[in-house]
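See below for the structure under consideration.
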Amino acid sequence: MKMHPLQLDDRDRALVALIQKGLPLVPRPYAELGRRIGMAEDEVMQRMDKLRLSGAIKRFGVIVRHRELGYRANAMVVWDVPEAEIAELGNCLARYPFITLCYRRPRRLPHWPYNLFTMIHGQSRAAVCGKLAQVIGECGLDDIPHEILFSRRRFKQCGARYCTAGESVEPARVHEEATA
Amino acid sequence: MTAAMQELSALDRAIINRLQDGIPVCEAPYAELAAELGTDETTLLQRLQALKAAGYLSRIGPMYNVERMGGAFTLAALRVPEARFDEVAAIVNAFPEVAHNYRRDHAFNMWFVIAVADAADIARVLSRIKAATGLEVYNFPKQEEFYLRLKFDV
């Protein structure tokens with residue numbers, strides 16, 4: 001899924017850097033952003049639309065702290081899937097709302113045989129395990145080797161310039177976090 | 001429902017759920033959202049301020065598609081000897097390109113995301129982490145994405 005980078009000019013970049021700190025909580029937030037970087041409200045909105053429609057901004061909304069909201073368990077569940085089945089299983093897993101990321105990544109043999117990575121968030125480890133049992137049954141994954149990697153400690157979140165979902169998946173996500 | 005969620009009013013939960021789906025780009029986006037949620041702009045702005053102050057929301061803003069912006073990210077892992085864990089964590093976390101870092105229960109016990117504004121920097125950061133820690137860095141770049149949903153219903 002390679003995409004060509006979008007051409008951003010200096011005014012786009014100024015807006016990207018500014019809005020990273022958050023949309024101001026005032027009645028005319030785009031006018032307020034513009035006031036800070038010498039841009040009219042209309043221009044701010046036009047550039048925001050361009051960034052969103054082009055996919056440079058994939059979501060624009062509130063980003064929650066899922067731990068504070070009670071989603072305390074997050075597990076990376078990794079699967080060793082035959083190449084011929086990966087699309088089918090990946091698409092099956094991706095349908096569940098509690099699976100927040102589902103990526104194919106390379107194996108690193110001999111230590112790491114897994115090529116499909118999913119992230120499951122839940123309110124407890126038991127809840128995560130229950131969800132895992134459900135998808136194993138419903139997607140027919142009984143014969144697919146897998147491991148659950150629960151997170152024990154979060155050291156750092158979103159120190160880098162771009163927060164990705166989930167990868168926070170901050171994600172972060174990215175991709176949050178993206179989480180990872 | 002979790003304890004945290006029970007502390008939130010029905011309006012707070014509706015706000016969090018609705019605003020995860022997106023904020024419109026228009027002159028008065030909060031007024032528009034407030035009308036949709038059956039409240040008024042002043043109340044919505046007050047609740048958002050309070051939810052942020054209470055730590056339920058990290059921010060109100062964009063999630064960028066790093067690749068589309070010319071940047072790149074990857075997931076990487078280390079197998080850290082238990083006795084060195086804290087020392088290695090400090091080294092890895094000191095890299096500004098490390099976006100988040102989780103300890104996980106596995107021989108591959110440290111997992112972090114590297115995010116860079118210039119895609120060419122990924123390899124450079126990986127080799128610098130290897131040099132700084134003396135450990136093999138396993139790179140797990142995304143090859144295919146089946147889905148991306150990061151919404152927490154409250």
Side-chain angles (χ1 to χ4, degrees), chain A residues 1 3 5-6 19-20 22-23 25 27-28 45 48-49 55-66 68-71 76 90-91 94 100 102-106 108 123 149-162 164-169 171-174 176-178 180, chain B residues 2-5 16 19-23 25 27-30 41 45 48-49 55-71 73 75 89 93 96-106 108 111 113 115 117 138 140-150 152 154:
Chain A
M1 208 183 61
M3 273 195 280
L6 182 71
I19 204 161
Q20 201 157 238
L23 191 67
L25 290 172
R28 302 282 289 264
M45 293 196 298
M48 283 295 299
D49 276 336
I57 291 176
K58 55 180 164 188
R59 288 209 310 118
F60 183 72
V62 300
I63 294 163
V64 303
R65 290 190 198 277
H66 56 265
E68 282 69 9
L69 284 168
Y71 286 86
M76 189 168 80
N91 286 319
T100 50
C102 186
Y103 291 158
R104 185 165 72 87
R105 299 184 187 274
R108 297 297 180 202
Q123 293 168 10
L149 282 74
F150 278 107
S151 73
R152 252 208 279 170
R153 241 162 94 195
R154 178 180 65 188
F155 293 100
K156 188 178 183 185
Q157 190 170 30
C158 286
R161 186 160 163 233
Y162 298 112
T164 53
E167 315 198 285
S168 66
V169 123
R173 212 157 198 179
V174 202
E176 208 149 85
E177 88 99 94
Chain B
T2 67
M5 292 177 203
I16 294 172
L19 270 69
Q20 285 185 87
D21 284 333
I23 294 173
V25 176
E27 286 175 3
Y30 299 114
E41 185 183 45
L45 287 168
L48 285 170
Q49 203 86 58
Y56 292 123
L57 304 180
S58 69
R59 59 202 176 89
I60 299 161
M63 251 198 246
Y64 292 110
N65 179 337
V66 176
E67 286 131 335
R68 199 81 181 85
M69 311 271 287
F73 60 93
L75 176 67
N93 292 346
E97 298 89 351
V98 171
H100 40 180
N101 188 358
Y102 280 91
R103 175 168 189 156
R104 296 192 179 278
D105 294 326
H106 195 272
F108 284 76
W111 291 84
V113 171
Y138 295 87
F140 294 100
K142 175 175 77 181
Q143 295 173 310
E144 191 176 347
E145 178 170 348
F146 292 103
Y147 197 58
L148 180 70
R149 181 185 193 266
L150 210 62
F152 295 91
V154 299

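Naming convention: chains lettered A, B, ... in sequence-line order (proteins, then strands); numbering from 1 in each chain.
Side chains of B/P62 and A/L23 form no contact here, defined as non-hydrogen atoms less than 4.5 Å apart. Put simply, the side chain of A/M76 reaches to within 4.5 Å of the side chain of B/W111, judged on heavy atoms. Side chains of B/Y64 and A/I19 form a contact here, defined as non-hydrogen atoms less than 4.5 Å apart. Here the side chains of B/Q143 and A/P106 are in contact, with some heavy-atom distance below 4.5 Å. Using a 4.5 Å cut-off on side-chain heavy atoms (C-beta onward), B/I60 and A/L25 make contact. Residues B/L57 and A/R65 fail the side-chain proximity criterion, which asks for heavy atoms closer than 4.5 Å.
The CG atom of B/L19 sits 10.0 Å away from the CZ atom of A/F60 when rounded to the nearest 0.5 Å. Between the CG atom of B/D105 and the CZ atom of A/F150 there is a distance of 8.5 Å, given to the nearest 0.5 Å. Atoms OG and NE2, on A/S151 and B/H100 in that order, are 11.5 Å from each other to the nearest 0.5 Å. Atoms CZ and NZ, on B/R68 and A/K58 in that order, are 12.5 Å from each other to the nearest 0.5 Å. Put simply, CD1 on A/I63 and CE on B/M63 are 4.5 Å apart, with the number rounded to the nearest 0.5 Å.
When all heavy atoms of B/F108 and A/L149 are compared, the closest pair comes out as O-CD2, 4.0 Å. B/P141 approaches A/R108 most closely through the heavy-atom pair CD-NH2, 3.8 Å.
Residues meeting the side chain to side chain contact (heavy atoms under 4.5 Å, CB included) test with A/R28, sequence neighbours left out: A/A31, A/E41, B/E27.
Checking side-chain atoms of A/R105 against main-chain N and O of B/F140 turns up a donor-acceptor pair under 3.5 Å. Using modelled atom types, one side-chain atom of A/R59 and one backbone atom of B/Q20 make a donor-acceptor pair closer than 3.5 Å. The backbone N or O of A/V64 sits nowhere less than 3.5 Å from a side-chain atom of B/S58 that would complete a donor-acceptor pair. Side chain of A/R152 to backbone of B/R103: no donor-acceptor contact under 3.5 angstrom is found.
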